[in-house]
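The structure appears right after this line, and notes come after that.
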Amino acid sequence: MHTKPYTMINQKHLDLNSMKELPESHAWLSLDELPSDSSSTPDQVPVINLKDPNAMKLVGHACKIWGVFQVTNHGVPTNLLEQMEAAGRKLFALPIQQKLKAARSPNGVSGYGVARISAFFPKLMWSEGFTIVGSPYEHVRKLWPNRYNRFCGVIEEYKEEMNKLAQKLMFLMLGSLGVTMEDVKWATTQRSCPALQLNSYPACPDPDRAMGLAAHTDSTLLTILHQNNTSGLQAHKEGTGWVTVPPIPGALVINVGDLLHILSNGLYPSVLHRAMVNRTQHRLSVAYLYGPPSNVQISPLSKLTDQVHPPLYRSVTWSEYLGTKAKHFNKALSSVRLCAPLNGFADANDHNGVRVG
Ligand SMILES: C=C1C[C@]23C[C@H]1CC[C@H]2[C@@]12CCC[C@@](C)(C(=O)O1)[C@H]2[C@@H]3C(=O)O
Ligand SMILES: O=C(O)CCC(=O)C(=O)O
Ligand SMILES: [Fe+2]
């Protein structure tokens, strides 16, 4: 058999860490399509100190205008963030054959694999991921048959801390809309079933033509993202375009997801975001995807609707919505929409298709 120019394990699982040039399967832009200049913008994603007495108002404003913001003084210990990052680094440093032992099955959610949204794009993304829903043990044991306890311990502790922060953020986000936690009983009484998504973006030989993770919105109520000290995350703002969300040591990025978009009757739009790659640095991120308990019906809060402001979305459960997202991807939100927007335009999320650059 002749030697291939890169390590191909199977069609979708190339060992990106060992590639010296960008294969066509991963080239999103051809050389003559490169954007000429990404003009810099003074518009910056808000950074909010959660100990600020004004935090609730600031969070509400950021959710309305951006759908994304960073938080400091969030209460998650820095050393836990470091431990989580180190654990992710160790996982992705394993040989590809080892990682594939914990591969996500075609219909499964947990495990190692390419971005789930890959199915909607003609090109592959320059990233690998590891998803954990529920207990991490089953999959992690396949990676380290004898030494899985430490990794799983970090995961459990991380989920615990992130859950506390997610509750605090829900309190601030809803509070800013004049909604109390009593109005949303499930938020305090039932436990949610969050997902943890570890993302790895190896250094890329041709970063201008590659895509780390294509533009998408999260299906969640909110997502808490930790990124290592390498930039790559970009958020889309109406009227401005793509804005880089710079890593700030110790800070966490908060995204508004589709379910909060629905719950807030469109007042807090879910943010379109993507991850770019670079030539020299390995980028890592860990997303805590927070949703409601899986079978609770989520619909626009009655406090936010009246005759002038009718509910814009029908009710859905998180599990139903994840199914809709898996099928319709960027059309999922508009597929549960009840009435057309007054201004006649489509949902802000309708245009996050194959466009890059
Ligand atoms: C609980 C969730 C939320 C998922 C699906 C499932 C597990 C992994 C999540 C992500 C993580 C990466 C982006 C996304 C778009 C993806 O492809 O997988 C997310 C998706 C969603 O927010 O819809
Ligand atoms: O790596 C990033 O910064 C983005 C990750 C992300 O959007 C996700 O996991 O949903
Ligand atoms: Fe995301």
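Note that ligands are numbered from 1 as they come in the structure, with each ligand's atoms numbered from 1 the same way. Each residue takes its place number in the sequence, starting with 1. Model, not experiment: these values are computed from the prediction. All values below were derived from every heavy atom in this structure, side-chain atoms included, with hydrogens, water molecules and symmetry-related copies excluded.
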Distance-only polar pair, side chains of [X] and [Y], donor-acceptor under 3.5 Å:
X	Y	result
D258	S219	no
E161	N163	no
N199	S285	yes
S335	K327	no

Which atoms of ligand 2 are found less than 4.0 Å from any heavy atom of [X]?
X	result
Y201	1 (O), 2 (C), 4 (C), 5 (C)
R283	1 (O), 2 (C), 3 (O)
H273	7 (O)
N199	5 (C), 8 (C), 9 (O)
L225	3 (O), 5 (C)

Short side-chain to backbone donor-acceptor contact, [X] and [Y], under 3.5 Å:
X	Y	answer
Q98	L143	yes
D183	T180	yes
Y313	I298	no

Within the protein, flag every N or O under 3.5 Å from an N or O of ligand 1, and note the pair and distance.
unit_1, atom_1, unit_2, atom_2, d
ligand 1, 18 (O), R116, NE, 3.1
ligand 1, 22 (O), S219, N, 2.7
ligand 1, 22 (O), S219, OG, 3.4
ligand 1, 23 (O), S219, OG, 2.4

Applying a 4.0 Å heavy-atom criterion (strictly less than), which segment of [X] is in contact with ligand 2: side chain, backbone, both, or neither?
X	result
N255	neither
Q227	neither
D218	side chain

Self-check item: Option with minimal heavy-atom separation from atom 2 (C) of ligand 2, where the choices are A287, S200, S285
Solution: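 Shortest heavy-atom distance from atom 2 (C) of ligand 2: S285.
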
Quiz item: Below 4.0 Å from any atom of ligand 2, is there a heavy atom belonging to R274?
Solution: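 Not so, R274 does not reach ligand 2.
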
Exercise. Work out whether the distance between some heavy atom of Q197 and some atom of ligand 2 is less than 4.0 Å.
Key: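 The answer is yes, since Q197 has a heavy atom less than 4.0 Å from ligand 2.
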
Surrounding [atom1] of [X] (heavy atoms of other residues, nucleotides or ligands, distance under 6.0 Å), is the total greater than 12?
X	atom1	result
H282	NE2	yes
F171	CZ	no
R89	CZ	yes
K57	NZ	no

Quiz prompt | Evaluation steps, ring pair (Phe, Tyr, Trp, His ring centres under 6.0 Å), between H273 and H236 | solution = CA-CA 6 Å; H273 57 285; H236 192 266; over 10 Å; no

Practice problem: Check the pair S270, D218 against side chain to side chain contact (heavy atoms under 4.5 Å, CB included), reporting the backbone distance first and the verdict last. | Solution: CA-CA 7 Å; S270 53; D218 297 339; over 6 Å; no

Quiz item: Which of these passes side-chain contact (heavy atoms from CB on, under 4.5 Å) with W66: N255, V45, V245?
Solution: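 Answer after filtering N255, V45, V245: V45.
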
Quiz item: Can you tell me which residue and heavy atom of the protein come closest to atom 6 (C) of ligand 2, and the distance to 0.1 Å?
Solution: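 Checked against all protein heavy atoms, atom 6 (C) of ligand 2 sits closest to L213 CD2, 3.5 Å.
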
Practice problem: Return the set of protein N, O or S atoms whose distance to the Fe ion (ligand 3) is under 2.8 Å, each given as residue and atom. | Solution: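 Counting only protein N, O or S atoms under 2.8 Å from the Fe ion (ligand 3), the list reads H216 NE2, D218 OD1, H273 NE2.
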
Quiz item: Between W28 and R209, is there a cation-pi geometry (under 6.0 Å to ring centre, at most 45° from the normal)?
Solution: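 Relative to the ring axis of W28, which defines the angle, R209 lies outside at least one limit.
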
